[in-house]
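Taking it in order: structure first as structure tokens, then the write-up.
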Amino acid sequence: MHHSGLDKFLAQARVALGTGPVAMVFCEDETEIDTTLRHHLQCGFRCVLAFMPPHFPLARDVAARVHRIDYTLASDGAVPRAVKAVNEAGPGLWMFWCYNAEYLFYPFCETRSITEMLGFHAEERRNAMLAYVIDLYAGDLQRFPDAVSLDEAFIDRSGYYALARPDPSNHNHPKDRQLDFFGGLRWRYEEHIPAPRRKIDRVALFRAKPGLTLRDDHSFNDEEYNTYACPWHNNLTAVLASFRTAKALKRNPGSTFDIPTFRWHNSVAFEWHSRQLMDLGLMEPGQWF
């Protein structure tokens, strides 16, 4: 279904959102829009919202299964505003958000639906799930100058680390069960990345509730939503396999000529399977076996 704007969608959001879970995909450009939407439909999201300018093309089979919302991401705060609006329209529903050319992976996603996973997560009294943005990049930039190739995608197998997240309201003591995570292309090419954008952690899955607000650093105004685990044991985490950073580094005139290749000695071919991500320690199955 095609909606001419966010307000038009919100007028019938209660019916469209249903019982969730809901996926929100924000399309910054035309790269891999169709594959992104198909991937999240296959994950089992019952409602998929595609935010994109009206001139972006969309495959017919995808258009029949998603809610296309005319929306521009050019203005500051466009994504947080949309997330907040949909959050207010569907209190209590599980929601997910990402950009185009980003693909959600969670433990055992090949055989278990997103609804099953979120059901277990909710039973552990968790209302949000931390995700790590793991950079994808084409192995051959001569053949794929935009750094995007689904068939020949690579990831970094190591080079990830975490630092304590200081709390300015508490003399900069570390926040409870919160860390800032770094790695991937944002770490290797940090001279081209503004400091506030170098983190790779994102609260990508959350249960909607009144007053919830997404902040510019991809965290929420409810601090418990930003924790990686409950106080008792490790919880599930997820991965967003993302071409977004590689695309930006190759499109930016200030960085593209400094990067003949993204591959290094810690590059491995991406297998498009949750097992690889768990084996590399990039996401946590918690108590879900």
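The first residue of the sequence shown is numbered 1, and numbering continues consecutively from there.
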Exercise. Under the side-chain hydrogen bond (donor to acceptor under 3.5 Å, both in side chains) rule, what do E124 and Q287 come out as? Steps first, then yes or no, please.
Key: CA-CA 9 Å; E124 295 204 312; Q287 313 300 307; 5.7 Å; no
Practice problem: For this output row, return yes or no: ring centroids of F206 and F220 closer than 6.0 angstrom. | Solution: yes
Exercise. Check whether any side-chain N or O of D201 sits under 3.5 Å from a backbone N or O of H218 as a donor-acceptor pair, and report yes or no.
Key: no
Quiz item: Are R165 and D176 close enough for a salt bridge, meaning some N to O gap below 4.0 Å?
Solution: no
Exercise. State whether a side-chain donor-acceptor pair under 3.5 Å links R251 with T256.
Key: no
Practice problem: Indicate the ring-plane relationship of W94 and H121, choosing parallel, tilted or perpendicular according to the 30° and 60° boundaries. | Solution: tilted
Quiz item: Does E191 CD have over 12 foreign heavy atoms under 6.0 Å away?
Solution: yes
Quiz item: S274 and E110: side-chain donor and acceptor closer than 3.5 Å?
Solution: yes
Quiz item: When you look at W97 and Y99, which way does the ring-ring contact (aromatic ring centres under 6.0 Å, His included) test go after all the steps?
Solution: CA-CA 7 Å; W97 71 277; Y99 297 95; 5.7 Å; yes
Quiz item: Between R125 and W232, is NZ or CZ placed under 6.0 angstrom from the six-membered ring centre and within 45° of the ring axis?
Solution: yes
Quiz prompt | Note: D146-K250 ion pair, threshold 4.0 Å (strictly below) | solution = no
Quiz item: Going through the distances and angles, do T227 and R126 end up as a side-chain hydrogen bond (donor to acceptor under 3.5 Å, both in side chains)?
Solution: CA-CA 10 Å; T227 58; R126 300 288 289 166; 3.0 Å; yes
Quiz item: So does D140 pair up with R263, basic N to acidic O under 4.0 Å?
Solution: no
Quiz prompt | Exercise: identify the closest heavy-atom pair between L236 and P107 | solution = CD2-CG, 3.6 Å
Practice problem: Evaluate the side-chain hydrogen bond (donor to acceptor under 3.5 Å, both in side chains) criterion for residues R157 and S267: first the C-alpha distance (whole Å), next the side-chain angles of each, then the deciding distance (0.1 Å), finally the verdict. | Solution: CA-CA 6 Å; R157 66 181 176 183; S267 294; over 6 Å; no
Quiz item: In terms of side-chain heavy atoms, does W187 have a donor or acceptor partner in D156 at a distance below 3.5 Å?
Solution: no
Quiz item: Side chains of Y137 and S149: is there a donor and an acceptor less than 3.5 Å apart?
Solution: no
Self-check item: Positive for ring-ring contact (aromatic ring centres under 6.0 Å, His included) with H39, one of F45, Y103, F96
Solution: Y103
Quiz item: Do other residues, nucleotides or ligands put more than 12 heavy atoms under 6.0 Å from N170 CG?
Solution: yes
Practice problem: Heavy atoms only: give me the nearest P57-R68 pair and the separation to one decimal. | Solution: C-NH1, 4.4 Å
Quiz prompt | Ionic contact status for K8 with D70, cut-off 4.0 Å | solution = no
Quiz prompt | Side chains of Y106 and T237, donor plus acceptor under 3.5 Å | solution = no
Self-check item: Salt-bridge contact R215-E223 (side-chain N to carboxylate O under 4.0 Å)
Solution: yes
Quiz item: Should the pair D29-K247 be classified as a salt bridge under the 4.0 Å nitrogen-to-oxygen rule?
Solution: yes
